[in-house]
Amino acid sequence: MERRLTKLLVANRGEIALRIIRSARLFGLKTVAVYSAADAKSAHVGAADEAILIGPAEAAKSYLDIAAIIAAAKHSGADAIHPGYGFLSERPEFAQAAADAQIVFVGPRPEVMAALGDKVAARRIAVAAGVPVVPGIEAAEISATREYAALVGYPLVIKAAAGGGGRGMRVVAEAAQLESALGAAAREAAAAFGDGRIFVEKYLAHPRHIEIQFLGDNHGAVVALGERDCSIQRRHQKIIEESPAPGLTDQMRAKIIGAALKLARAAHYTNAGTAEFLVEGDDFYFLEVNARLQVEHPVTEMRFGCDLVCEQLRIASGGKAPEPAAPRGAAIECRINAEDPEHDFRPATGTVLHLSVPGGPGVRFDSHLARGAEVTPWYDGLLGKLVCYGANREEARVRLVNALGEFALLGVTNNAAYLRDIVASGQFRDAKLSTHFIDSFFSGWEIGKSEIDAAIVAAAITAGGAMGDIPSDGPALPAGAERRSPWDDLKNFELWGSRR
Ligand code: ADP
């Protein structure tokens with residue numbers, strides 16, 4: 001069962017590609033990056049031993065092109081593929097294509113991925129394993145669904161069996177909306193995922209999102225590496241994650257971990273995975289399994305002092321899952337995104353004109369950003385993950401507030417000031433956590449004066465330095481448009497300046 005790996009192709013981009021390349025190197029592997037035409041100058045391309053252009057900017061023709069990636073792996077002589085997260089990471093066809101090409105896929109087997117990737121099938125596996133699920137029903141028949149809805153009561157949430165990433169979810173407040181919502185959800189699901197199957201769940205009023213990291217090996221062992229609380233979400237998408245989950249009793253933790261392990265064993269799971277749960281009061285309910293490495297895995301690494309990508313590589317080469325060490329302290333991560341929190345979080349693009357990266361003990365910044373880097377509209381807007389460790393939650397939290405204060409990025413509008421206000425708030429300090437945290441406390445957020453001043457100072461430093469070495473060949477401009485002064489890219493600076 002042992003297979004000595006030599007060369008890893010990383011089928012991803014951005015911060016996660018870079019993070020995987022680092023661990024692969026530590027594990028003694030040569031690395032191959034793949035990239036689209038839009039990413040020719042990206043950090044992961046320069047970081048790998050080899051890099052192969054796989055297609056144009058459109059993800060469908062590059063990072064989602066299974067044939068192109070398998071061809072790149074064969075061409076480079078890679079004997080393993082790590083899919084990262086997003087893109088092809090949870091596509092059984094990709095894992096199968098790798099297996100067909102005699103290439104080790106760093107992740108679960110295709111059939112396991114297929115069973116768990118379908119939310120309805122995953123719920124069935126959970127029920128069969130004796131794991132509680134959110135009360136719900138497969139919404140094939142409208143009359144049966146209506147009856148069930150009347151029984152469990154509103155609000156309800158409609159989900160796509162093939163959905164993910166917060167997409168394809170629809171909350172229904174009352175009976176009158178049910179029928180049209182079901183129709184619309186099924187149509188949307190068919191269009192977005194090529195699979196119109198939907199199901200309905202009770203929409204819990206004040207849940208917390210708590211998930212369990214686990215690792216399964218090919219020798220039958222499955223181990224858990226604690227929990228992460230990912231309750232701080234915007235529109236059902238995580239923005240701040242932490243471990244341990246504040247206030248979770250040891251008894252409750254043990255129950256949820258036990259359920260996750262039961263499920264992973266029932267699914268014959270191998271490699272890294274995460275079981276997600278909603279927790280409300282003394283009850284917990286299985287949501288889904290993410291059959292891959294997750295964005296927020298560093299909080300677990302910081303508490304357990306491990307490298308999950310190395311563990312994935314060890315398991316993929318036939319090694320055993322680790323005996324987890326006892327966790328220590330607390331870790332909190334926030335996701336810095338290219339988006340405008342003052343304008344409904346609309347996606348932002350641009351060229352990085354200035355970047356100050358926080359540092360010091362217990363501070364980790366996983367990012368592909370560098371001065372001159374371009375943030376294009378082609379891919380998701382995750383710019384980096386700032387993760388702080390502390391002997392306890394409060395130390396980790398204060399470190400994160402300070403680190404976010406040190407973080408300065410000009411040229412790409414981002415949510416760092418927003419995150420800092422959240423992490424600095426009394427509500428976050430007091431761990432008033434639920435998935436409605438943002439709606440309850442931060443719905444009408446506006447940037448504070450301190451951030452305006454800090455940004456102006458940072459802009460002044462940049463302007464006083466070498467503005468001249470900003471790359472001149474930035475993102476392509478629409479036909480007829482003129483390249484403007486770099487100051488035009490300092491959107492917030494202009495905006496804030498005009499407000500003072
Ligand atoms: P996705 O796979 O699209 O991320 P999930 O099922 O994992 O969808 O849910 C994402 C988030 O949506 C959860 O963390 C939670 O905040 C919210 N959510 C999902 N299902 C429910 C539910 N039944 N009740 C309340 N909130 C829910």
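Note that ligands are numbered from 1 as they come in the structure, with each ligand's atoms numbered from 1 the same way. Predicted model, so just to flag it, every value in this text is computed and none were measured.
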Quick note on ligand 1: atoms under 4.0 Å from a heavy atom of E276 include exactly 7 (O)

| Do L293 and V309 come within less than 4.5 Å of each other through their side chains, counting heavy atoms only? | yes

A student checking ligand 1 against V157 at a 4.0 Å heavy-atom cut-off should list atoms 22 (C), 23 (N)

**OP:** Compare all side-chain heavy atoms of K432 with those of F441 and state whether any distance is below 4.5 angstrom.
**Re:** yes

**Report entry** Cation over ring face, R123 and F199, 6.0 Å, 45°
**Finding:** no

Heavy-atom proximity to atom 12 (O) of ligand 1 ranks first, among E280, H236, E288, for H236

Paired with E242, the side chain to side chain contact (heavy atoms under 4.5 Å, CB included) test is passed by just one of R393, E333, R397, namely R393

Here the atoms of ligand 1 under 4.0 Å from any heavy atom belonging to V134 are 23 (N)

Ranked by distance from atom 4 (O) of ligand 1, the top protein heavy atom is G166 N, 3.2 Å

Geometric class of the W445/Y418 ring pair [parallel <30°, tilted 30-60°, perpendicular >60°]: perpendicular

Heteroatom distance test (K202, ligand 1): nitrogen or oxygen, under 3.5 angstrom:
yes

Nearest non-hydrogen protein atom to atom 26 (N) of ligand 1, with distance, is Y203 CE1, 3.4 Å

Under 4.0 Å from one or more heavy atoms of K159, ligand 1 contributes atoms 6 (O), 19 (C), 20 (N)

**Asked** Looking at side-chain heavy atoms only, is the closest gap between R234 and F442 below 4.5 Å?
**Response** no

| task | Under the ring pair (Phe, Tyr, Trp, His ring centres under 6.0 Å) rule, what do F87 and F94 come out as? Steps first, then yes or no, please. | result | CA-CA 10 Å; F87 293 126; F94 186 46; over 10 Å; no

Counting from 1 in the order shown, the ligand 1 atoms closer than 4.0 Å to a non-hydrogen atom of G164 are 1 (P), 2 (O), 3 (O)

Atom 18 (N) of ligand 1 sits nearest the protein heavy atom M169 CE, 4.0 Å

> Can you tell if the side chain of L404 reaches within under 4.5 Å of the side chain of I336, non-hydrogen atoms only?
Replying inline: yes

>> Counting C-beta onward and ignoring hydrogens, is there a side-chain heavy-atom pair between F105 and M113 closer than 4.5 Å?
In response: yes

Out of H206, H209, K119, Q233, the nearest non-hydrogen contact to atom 15 (C) of ligand 1 is supplied by Q233

Taking only non-hydrogen atoms of L278 and a 4.0 Å limit, the atoms of ligand 1 in range are 15 (C), 20 (N), 21 (C), 22 (C), 24 (N), 25 (C), 26 (N), 27 (C)

* Hey, is ligand 1 close enough to E201 that some N/O pair sits below 3.5 Å? -> yes

*Counting both backbone and side chain atoms, is some N or O of L204 under 3.5 Å from an N or O of ligand 1?*
yes

